[in-house]
Amino acid sequence: MLELRKLRDDAEAVKAKLAIKNFKDLHLVDDVLKLDEQRRSAQLEVDNLKSESNQLAKQIGQLFKEGKREEADKIKVRTVELKGLVKEKEESMKTAETQMEAALVLLPNIPHESVPPGTSEEDNKVNKERGEKPVLGEGALPHWEILEKHHLMSLELGVKIAGAGFPVFTGDGARLQRALVAFFLDEANNAGYLEVIPPLLVNEQSAFGTGQLPDKEGQMYHVTNDDLYMIPTAEVPITNIYRGELLKEDQLPIKMCGHSQCFRREAGSYGAHVRGLNRVHQFEKVEIVQLVHPDKSYEVLNEMAAHVEGLIQKLGLTYRILTLCGGDVSFASALTYDFEVWSAAQERWLEVSSVSNFETFQTNRMKTRFKDENKKTQLVHSLNGSALALPRIIATLLENNQQADGSVTIPAVLVPYFGKDKIG
RNA sequence: GGAGAAAUGGCAGAGUGGUCGAAUGCAACAGUCUUGAAAACUGUCGUACCGCGAGGUACCGGGGGUUCGAAUCCCUCUUUCUCCGCCA
């Protein structure tokens with residue numbers, strides 16, 4: 001949620017920036033300001049009425065004490081009248097406020113100045129590309145066939161037990177996941193992130209806090225009996241740990257990491273690009289989250305990006321880093337770097353991580369603040385990144401590391417976790 | 001799931017209809033003293049909204065109600081604790 005102050009300061013500048021995100025409903029900015037004005041003038045009236053009423057109530061108390069009942073009764077007439085007026089005005093104040101919030105919540109975050117214009121992923125800017133694209137020999141297999149061949153995963157079993165897009169990992173397939181998770185968590189711990197095991201279901205407030213509601217409601221599984229949402233990423237519960245908190249400046253930065261299953265409905269996805277592990281409803285991911293001083297957030301964004309890049313390098317994968325363009329950067333994000341790895345059998349890039357700075361967009365919803373050196377209360381900046389999401393990493397490792405004899409070599413950094421150096 | 005108790009400022013904890021935005025203690029911050037620290041002493045010390053400002057308004061778990069007036073009375077929801085039941 002954008003800070004109201006920013007709209008008040010310079011509505012036209014906000015509109016111009018939102019246009020970079022291809023946001024169409026720019027009139028909402030004016031709507032918000034108009035409703036805000038209505039709210040403020042209504043509050044002024046309410047406050048004045050209440051002030052009068054409070055004073056009279058005090059007088060009445062005094063008069064009762066002095067035994068002047070009749071005088072008190074005279075004043076009561078006015079307080080009763082005031083009560084009605086307050087109720088009336090309060091209602092119009094609340095209406096204005098509710099409508100204002102409803103409109104404000106529909107505005108996406110303002111993109112950072114470095115976000116390139118553009119309408120789709122075609123327009124994302126490639127910042128860096130590293131590594132050679134492996135050339136596979138005759139008979140090389142896509143990952144879904146390797147998985148089947150070595151009995152690492154079954155989608156059919158998942159269909160039987162749950163439905164399409166819920167893979168069942170078995171044997172070395174399951175073990176490889178465990179190895180990756182342990183490796184990623186150790187790396188995050190070494191980088192100073194506090195490990196957290198959060199709830200996998202969250203309430204409405206938490207889903208709102210990080211921006212999943214109301215914007216992306218259809219993406220989450222909703223447990224209607226208890227009105228809980230299954231998390232699409234550990235970002236949601238972990239960031240919400242600090243919802244409503246007023247921090248001291250020396251508590252910053254707060255660095256947390258966590259591994260979780262992630263659940264995504266992915267409604268509307270289809271086609272060859274979603275085969276195998278390319279897109280599933282349930283997957284594992286290690287997430288890193290930071291809450292930082294506003295002056296530091298872009299520095300931290302780069303630090304987090306470097307952490308993610310290090311993981312990919314240690315796994316020996318070919319990768320590139322993109323800055324998402326205005327049309328592709330998410331609703332809540334100000335600046336996002338995507339990390340893609342080269343899938344040698346599919347011969348295409350697969351997104352394995354997204355690192356974003358949300359500035360105050362999430363923390364304004366969550367009211368996560370700190371007191372600065374001048375004892376002023378300010379919103380902190382929130383950031384997060386995948387470090388990393390497993391399915392496409394597994395897909396790429398299997399494809400790129402497959403050998404002529406059909407076995408798959410395991411990257412050296414994973415061997416201590418996996419317990420052996422190859423599959424098959 | 002059943003029975004009972006409770007929810008007040010960063011923490012602990014008073015407050016049962018007006019003088020309460022709320023005692024007191026601890027913590028924190030500033031100062032005095034000290035070579036330095038501790039102790040002691042003095043002062044400051046919740047959040048949000050409105051207002052140029054003086055100041056006003058709201059908030060004692062959430063919502064609603066009674067009253068001229070509610071932390072205090074009533075209803076309701078939520079959460080926590082204790083006991084019982086079930087259980088990885």
Side-chain angles (χ1 to χ4, degrees), chain A residues 1-9 32-105 197-209 213 223-229 237 240-252 254 261 291 360 363-380:
Chain A
M1 187 163 68
L2 289 179
E3 292 170 79
L4 190 54
R5 187 174 46 77
K6 283 186 185 161
L7 305 202
R8 277 198 220 158
D9 287 351
V32 167
L33 290 175
K34 211 169 100 194
L35 289 161
D36 176 47
E37 203 133 308
Q38 282 174 24
R39 193 203 99 242
R40 283 190 296 176
S41 71
Q43 180 175 349
L44 193 63
E45 291 180 69
V46 170
D47 283 358
N48 287 337
L49 291 170
K50 281 189 176 171
S51 176
E52 187 182 345
S53 176
N54 284 345
Q55 266 177 22
L56 293 178
K58 264 183 200 161
Q59 279 181 34
I60 291 169
Q62 191 60 36
L63 289 170
F64 268 120
K65 217 175 259 176
E66 294 166 7
K68 299 175 180 168
R69 257 203 103 90
E70 276 178 31
E71 271 185 63
D73 282 339
K74 266 187 222 163
I75 300 178
K76 271 194 198 178
V77 177
R78 174 65 180 159
T79 58
V80 171
E81 185 186 350
L82 283 170
K83 217 167 142 181
L85 289 172
V86 164
K87 197 160 191 178
E88 205 176 290
K89 272 289 151 200
E90 238 171 11
E91 231 149 81
S92 59
M93 181 178 92
K94 272 187 194 159
T95 305
E97 191 169 10
T98 309
Q99 290 177 353
M100 195 267 287
E101 281 241 331
L104 191 56
V105 152
I197 299 180
L200 303 184
L201 282 84
V202 295
N203 57 29
E204 188 182 329
Q205 264 190 305
S206 294
F208 174 79
L213 290 177
V223 181
T224 51
N225 262 358
D226 297 290
D227 202 14
L228 294 170
Y229 294 87
N240 271 282
I241 287 173
Y242 286 93
R243 170 153 50 82
E245 297 291 320
L246 183 58
L247 302 162
K248 296 197 175 107
E249 186 165 354
D250 61 16
Q251 288 181 267
L252 303 175
I254 290 168
Q261 299 286 350
L291 298 171
T360 60
T363 54
N364 190 32
R365 287 178 167 214
M366 295 195 299
K367 303 300 174 215
T368 303
R369 297 158 301 170
F370 76 104
K371 265 206 203 293
D372 67 18
E373 61 219 7
N374 303 318
K375 305 211 165 163
K376 276 272 200 184
T377 306
Q378 294 193 52
L379 293 166
V380 305

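Chain A is the first sequence line, chain B the second, and so forth, proteins listed ahead of strands; every chain is numbered from 1.
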Side chain to side chain contact (heavy atoms under 4.5 Å, CB included), that's the test. Do A/E101 and A/L35 meet it? Break it down for me.
CA-CA 9 Å; A/E101 281 241 331; A/L35 289 161; over 6 Å; no
Can you tell me if the side-chain N/O atoms of [X] get under 4.0 Å from OP1 or OP2 in [N]?
X	N	answer
A/R78	B/C68	no
A/N54	B/A58	yes
A/R8	B/C50	yes
A/K76	B/G69	no
A/T377	B/A48	yes

Separation between the [atom1] atoms of [N] and [M], rounded to whole Å:
N	M	atom1	result
B/U66	B/C86	P	46 Å
B/U8	B/G13	P	9 Å
B/G53	B/G36	C1'	45 Å
B/A71	B/G17	C1'	11 Å
B/A30	B/A12	C1'	24 Å
B/G21	B/A58	P	10 Å
B/C29	B/C52	P	35 Å
B/C74	B/A5	P	13 Å

Of the nucleotides [options], which has the atom closest to the [X] side chain?
X	options	result
A/R39	B/C49, B/G69, B/G51	B/C49
A/I60	B/C50, B/A48, B/G18	B/G18
A/S51	B/G64, B/G56, B/G18	B/G56

Just how far is it from atom CE of A/M93 to atom CD of A/E45, taken to the nearest 0.5 Å?
11.0 Å
How close or far is atom [atom2] of [N] from atom [atom1] of [X], stated in whole angstroms?
X	N	atom1	atom2	answer
A/K376	B/G46	NZ	P	15 Å
A/E37	B/C49	CD	C1'	16 Å
A/K50	B/C49	NZ	C1'	11 Å
A/E70	B/C68	CD	P	18 Å
A/R5	B/A48	CZ	C1'	15 Å
A/Q205	B/U79	CD	C1'	13 Å
A/E52	B/G56	CD	C1'	13 Å
A/K94	B/A58	NZ	P	13 Å

Tell which nucleotide pairs with [N], taking only Watson-Crick or G-U wobble pairs whose two distances are both under 3.5 angstrom.
N	answer
B/C86	none
B/C33	none
B/C49	B/G56
B/U19	none
B/U67	none
B/U80	B/A5
B/A28	B/U44

For a salt bridge (charged side-chain N to carboxylate O under 4.0 Å, His left out) check, start with the C-alpha distance between A/D47 and A/K50, then their side-chain angles and the critical distance, and finish with the verdict.
CA-CA 5 Å; A/D47 283 358; A/K50 281 189 176 171; 5.9 Å; no
Base, sugar-phosphate, or nothing for [X], non-hydrogen atoms under 4.0 angstrom?
X	result
A/K58	nothing
A/L246	sugar-phosphate
A/L44	sugar-phosphate
A/K248	nothing

As a quick check of understanding, evaluate side chain to side chain contact (heavy atoms under 4.5 Å, CB included) for A/R69 and A/F64, giving each step before the final call.
CA-CA 6 Å; A/R69 257 203 103 90; A/F64 268 120; 3.8 Å; yes
More than 12 heavy atoms from other groups under 6.0 Å of CD on A/E81:
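Yes.
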Please check if any side-chain donor atom of A/S51 sits under 3.5 Å from a side-chain acceptor atom of A/N48, or the reverse.
no
Looking only at atom types and distance, does a side-chain atom of A/K89 sit under 3.5 Å from a main-chain N or O of A/V86, one as donor and one as acceptor?
no
Under a 4.5 Å cut-off applied to non-hydrogen side-chain atoms, are A/T363 and A/T360 in contact?
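Yes, at least one pair of side-chain atoms sits under 4.5 Å.
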Using the closest heavy atom to pick a nucleotide of RNA chain B for each, name whichever of A/T79 or A/L4 lands nearer the 5' end.
A/L4
Residue whose closest nucleotide on RNA chain B lies nearer the 5' end, A/Q43 versus A/V46:
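Residue closer to the 5' terminus by nearest nucleotide: A/Q43.
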